[in-house]
Amino acid sequence: MMELEALQEIHSQVSGFGAQIVVLTPELERYTRALHKKLNLTYDILTDLHLKTAEEFRLVFVLPDYLRDLYKSFGKTLDRFHDEREYRLPMPARYVIDKEGIIRAADVNADYTIRPEPSEIVRQLRALTIRLGRTGDSIRGGKQGGECHANTSR
């Protein structure tokens with residue numbers, strides 16, 4: 001949740017580059033819709049149902065048994081929140097993707113507790129805009145598992 005709020009804080013800067021933040025998560029829409037409203041987010045949260053997109057990016061891993069038990073002890077069952085019975089999760093990833101669909105920056109870490117600062121997205125967009133010598137309207141950027149095509153929520 002804190003990461004979603006941090007992304008909201010940079011949303012206007014990202015928009016200033018003509019880019020957009022999109023969060024992709026395995027959580028079902030009925031849960032993300034409530035979170036979106038509660039946090040008053042102005043960017044999209046999309047559901048990666050059954051981790052299809054995360055699979056394409058090869059970002060899926062299976063939780064070991066001891067973590068499954070831990071999740072269950074907290075009342076977090078992935079089959080309820082993600083419609084995922086196998087206890088698979090996406091690795092958190094961030095991509096900056098240009099208008100042509102070329103990934104210009106990527107950050108993936110198998111340790112979900114290590115995530116780059118949201119300000120890094122702004123820095124990457126600024127550098128990309130300068131390097132490409134283009135106006136901001138030629139860039140799409142952001143964060144999915146969760147985006148711009150990556151994972152964030154757990």
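Keep in mind that the numbers below use all heavy atoms, side chains included, and drop hydrogens, waters and symmetry copies.
In terms of modelled atom types and a separation under 3.5 Å, the side chain of His36 and the main chain of Tyr43 share a donor-acceptor contact. Judged by distance alone, with hydrogens and angles left aside, the side-chain atoms of Asp44 form no donor-acceptor pair with the main-chain N or O of Leu46 at under 3.5 Å. No donor-acceptor pair closer than 3.5 Å links the side chain of Arg94 to the backbone N or O of Ala105. Remark: the backbone N or O of Leu24 is not paired with any side-chain donor or acceptor of Asp48 at under 3.5 angstrom.
The nearest pair of heavy atoms linking Asp111 to Asn109 is N-OD1, 2.8 Å. Nearest heavy atom pair, residue Ala110 against residue Met91, reads CA-SD, 3.5 Å. Heavy atoms only, all atoms of each residue included: Pro118 and Ile10 are closest at O-CD1, 3.3 Å. Heavy atoms only, all atoms of each residue included: Pro26 and Thr47 are closest at O-CG2, 4.1 Å. Minimum heavy-atom separation, Pro90 to Phe61: O-CE2, 3.8 Å. Residues Ala106 and Ile103 share a closest heavy-atom pair of CB-CG2, 4.1 Å.
Checking each of Thr25, Ile21, Leu39 against Leu4 for a side chain to side chain contact (heavy atoms under 4.5 Å, CB included) leaves exactly one that passes, namely Leu39.
Taken together through direct or relayed side-chain contacts under 4.5 Å among Ile, Leu, Val, Met, Phe, Trp and Tyr, Leu89 and Leu70 form part of one hydrophobic cluster. Cluster membership for Tyr66 and Leu63, using ILVMFWY side-chain heavy atoms within less than 4.5 angstrom, is shared. Criterion: ILVMFWY side-chain heavy atoms under 4.5 Å apart, direct or through other members. Under it, Ile114 and Leu59 are not part of a common hydrophobic cluster. In this structure, Ile102 is not a member of the same hydrophobic cluster as Val96, with clusters built from ILVMFWY side-chain heavy atoms closer than 4.5 Å.
Atoms CD1 and CZ, from Ile45 and Arg33 in turn, are 11.5 Å apart once rounded to the nearest 0.5 Å. In this structure, the separation between NE2 on His50 and CD on Glu86 is 10.5 Å, given to the nearest 0.5 Å. The structure places CD of Gln13 at 7.0 Å from CZ of Arg126, a figure rounded to the nearest 0.5 Å. Here Arg123 contributes atom CZ and Ile121 contributes atom CD1; the two are 11.5 Å apart, rounded to the nearest 0.5 Å.
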*Using the side-chain contact (heavy atoms from CB on, under 4.5 Å) rule, take Gln124 and Phe17 through it: C-alpha gap first, then chi angles, then the decisive distance, then the call.*
CA-CA 11 Å; Gln124 290 168 340; Phe17 286 104; over 6 Å; no
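If you check the side chains of Gln8 and Thr42, you find a donor sitting under 3.5 Å from an acceptor.
Residues passing the salt bridge (Lys or Arg N to Asp or Glu O under 4.0 Å) test with Glu5, sequence neighbours excluded: none.
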